[in-house]
Amino acid sequence: MVFLRSVSALSRLRSRLVQQSGLNGSVRWLQSSSETDLHSQLKELIPEQQERLKKLKAECGKVQLGNITVDMVIGGMRGMTGMLWETSLLDPDEGIRFRGLSIPECQKLLPAANPGGEPLPEGLLWLLLTGKVPSKDQVAALSKELRARATVPDHVYKVIDALPVTAHPMTQFATGVMGLQVHSEFQKAYEKGVSKSKFWEPTYEDSLNLIAKVPLIAAYVYRRAYKDGKVIPVDHSLDYGGNFSHMLGFDDPKMQELMRLYVTIHSDHEGGNVSAHTAHLVGSALSDPYLSFAAALNGLAGPLHGLANQEVLLWIKSVVDECGENITTDQLKDYVWKTLNSGKVVPGYGHGVLRKTDPRYTCQREFALKHLPDDPLFQLVSKLYEVVPPILTQLGKVKNPWPNVDAHSGVLLNHFGLTEARYYTVLFGVSRSIGICSQIIWDRALGLPLERPKSVTMEWLEKHCKKAA
Ligand code: CMX
């Protein structure tokens, strides 16, 4: 029971309660000494969410969510609702919401390193895991905890060093993550016979370790591939995003702000995208977070998914190489048609779910307008926004002619000196560790089962359709 001794105490408490509306929208009281400890917070939340799922299953288990058509089965399961993903939800028109909050709301509500600055990714991690907007103290405590976990054993670097320095950075990165796996707490606990009700605890340990350590591996890969292997150690005075930027070799405060924004907006995009779904699927076999996340990275490395950010910058640079920086609209249209006519996609445009401009694109554009309005490649990206959608619409088959997140990220990084496009998907991967691991913790906490959808053959479909007709 809390006693309110004064009006100011009452208003302090009120603002705190507003900040801490719970997972199901109800307000929670957080007065214990464990208030700034994420693990304690989760321990409190998990039983009520387990009950919620039990009730949902008992009361609504037989409610239909839609009809599955043959198109869906042969069309990559588009539009088929088929998995539970608690941390974020994607609306085709509005874009992503992290635990109900849009990107502009996250920018407004999550604690920042600087007044009016970009949100701290640690704050987003707290939000994804608990469903609550964290206080500054909670974010500071989590930041400190992640720094304490940010060490990588030497054997991981040796495994990476066994690869040619020219190996794709995503290959080096995923290899490093597999090297970390030998320290999995989940695997150890499972071998010792941990009970199902406790699965989430070692999963939590692995997840926080993984999130804390991947920036070091990613920075190592960058410095190895592009900076003669000169590694920059962790700066214990910096936050997660700032530190990552620092270890890559970028200490410009604007680049550090960009990294905070980048990691925040790339962290999670509901569950059906290739990387998130892969992690969820692999994890459903009780593979630990390292195994699940490494699998996800291999999906992220595909050009239709995360590799598109690399492809966009390379494509933009090829436009400049061929036509110069002062390219006219007509030249740009011709270049887009040339790309399409050679059987390629226009990278950075289109989406499996979104049907409007990706808000992750919009917030990066706002960042560019604030910090680099005169950058020639940014201006080219703006011009592409005018040119590409009408052409893709003209094709008549593209469901979403608007830009996605990858259409913008490269020119921002390039502006601050991170010019090596082949590296970009690694940054996406580091960011994804936050969303993917948050959901894996909840997968184990909620006791979600092995994922095993039914597949059929063409013959089966033909027979089924004949019968239906
Ligand atoms: N350029 C050219 N053609 C495109 C296109 C684009 N940007 N986007 C879609 N199309 C084509 C598809 O290739 C498909 O053609 P076919 O029927 O001949 O195979 C047709 O339009 C219909 O596709 P869709 O239903 O609109 O889109 P999908 O859900 O099948 O694919 C995506 C979505 C993202 C793979 C696709 O839009 C694409 O290839 N975009 C370019 C790559 C890209 O930017 N990927 C990054 C996405 C974000 C991320 O995951 O990081």
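Every number for a ligand or one of its atoms is a count from 1 in the order of the listing.
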Worksheet entry | Polar atom proximity, L392 to ligand 1 (N or O, under 3.5 Å) | no
Worksheet item: Is at least one protein non-hydrogen atom found at under 4.0 angstrom from atom 21 (O) of ligand 1?
Response: yes
Worksheet item: Which protein non-hydrogen atom lies closest to atom 13 (O) of ligand 1, naming both residue and atom, and how far is it?
Response: V345 CG1, 4.2 Å
Worksheet item: Looking only at distance, does F428 have an N or O less than 3.5 Å from an N or O of ligand 1?
Response: no
Fill in: Protein contact to atom 39 (O) of ligand 1 [nearest heavy atom, distance to 0.1 Å]
L304 CD2, 3.4 Å
Worksheet item: Is the closest heavy atom of D406 to ligand 1 under 4.0 Å?
Response: yes
Discussion item. Strictly distance-based, threshold 3.5 Å: is any side-chain N or O of D228 a donor or acceptor partner for the main-chain N or O of K230?
Written reply: no
Worksheet, complete the sentence: Of all protein heavy atoms, the one nearest atom 27 (O) of ligand 1 is H351 O, 4.3 Å
Fill in: G348: numbered ligand 1 atoms lying under 4.0 Å from its heavy atoms
43 (C), 44 (O)
Worksheet item: When you measure from atom 12 (C) of ligand 1 to every protein heavy atom, which one gives the shortest distance, and what is it?
Response: K397 CE, 4.9 Å
Practice prompt. Evaluate the ring planes of W402 and Y385, with Trp represented by its six-membered ring, and classify them as parallel (under 30°), tilted (30 to 60°) or perpendicular (over 60°).
Written response: tilted
Practice prompt. Name the closest protein heavy atom to atom 1 (N) of ligand 1, giving the residue it belongs to and the distance to 0.1 Å.
Written response: V346 N, 2.9 Å
Practice prompt. Provide, to 0.1 Å, the distance between atom 50 (O) of ligand 1 and the closest protein heavy atom, together with that atom's residue and name.
Written response: H305 ND1, 2.6 Å
Item to complete: Using a 4.0 Å heavy-atom cut-off, say whether V398 meets ligand 1 through its side chain, its backbone, both or neither.
Response: both
Discussion item. For L128, is there any backbone N or O sitting under 3.5 Å from a side-chain donor or acceptor partner on R99?
Written reply: yes
Worksheet item: With distance as the sole test, does Q331 use its side chain to make a donor-acceptor pair with the main-chain N or O of T328 at under 3.5 Å?
Response: yes
Fill in: Exam field: side chain S267 to backbone T264, donor-acceptor pair closer than 3.5 Å
yes
Discussion item. Are any of the N/O atoms on L340, whether in the backbone or the side chain, positioned under 3.5 angstrom from an N/O atom of ligand 1?
Written reply: no
Discussion item. Distance check, rounded to the nearest 0.5 Å: L216 atom CG versus T151 atom OG1?
Written reply: 8.0 Å
Discussion item. Per the ring pair (Phe, Tyr, Trp, His ring centres under 6.0 Å) rule, what does the pair list look like for residues 83-112, sequence neighbours excluded?
Written reply: W85-H280
Item to complete: With heavy atoms of G352 as the reference, note each atom of ligand 1 found under 4.0 Å away.
Response: 29 (O), 33 (C)
Worksheet item: Quick one: does atom 46 (C) of ligand 1 have a protein heavy atom under 4.0 Å from it?
Response: yes
Worksheet item: Who pairs with K399 by side-chain contact (heavy atoms from CB on, under 4.5 Å), at least two apart in sequence or on another chain?
Response: R355
Discussion item. Could you check whether E462 pairs with K466 (Lys NZ or Arg NE/NH1/NH2 to Asp/Glu carboxylate O, under 4.0 Å)?
Written reply: no
Item to complete: State plainly whether the residues D358 and R360 are in salt-bridge range, i.e. N to O under 4.0 Å.
Response: yes
Practice prompt. Please confirm whether R360 comes within less than 3.5 Å of ligand 1 when only nitrogen or oxygen atoms on both sides are compared.
Written response: no
Practice prompt. Compare K399, R78, H266 and give the one whose heavy atom is closest to atom 28 (P) of ligand 1.
Written response: R78
Worksheet item: How far is atom 41 (C) of ligand 1 from its nearest protein heavy atom, and which residue and atom name does that atom have?
Response: Y349 O, 3.3 Å
Worksheet item: With respect to atom 43 (C) of ligand 1, which of G343, G396, A308 exhibits the smallest heavy-atom separation?
Response: A308
Item to complete: Could you label the plane-to-plane angle of the H464 and W460 rings as parallel, tilted or perpendicular, counting under 30° as parallel and over 60° as perpendicular?
Response: parallel
Practice prompt. Compute the centroid of each ring, for F378 and then for H408, and state whether the two points are separated by less than 6.0 Å.
Written response: yes
Discussion item. Please work out, at 4.0 Å between heavy atoms, whether the side chain, the backbone, both, or neither of N404 comes within that distance of ligand 1.
Written reply: side chain
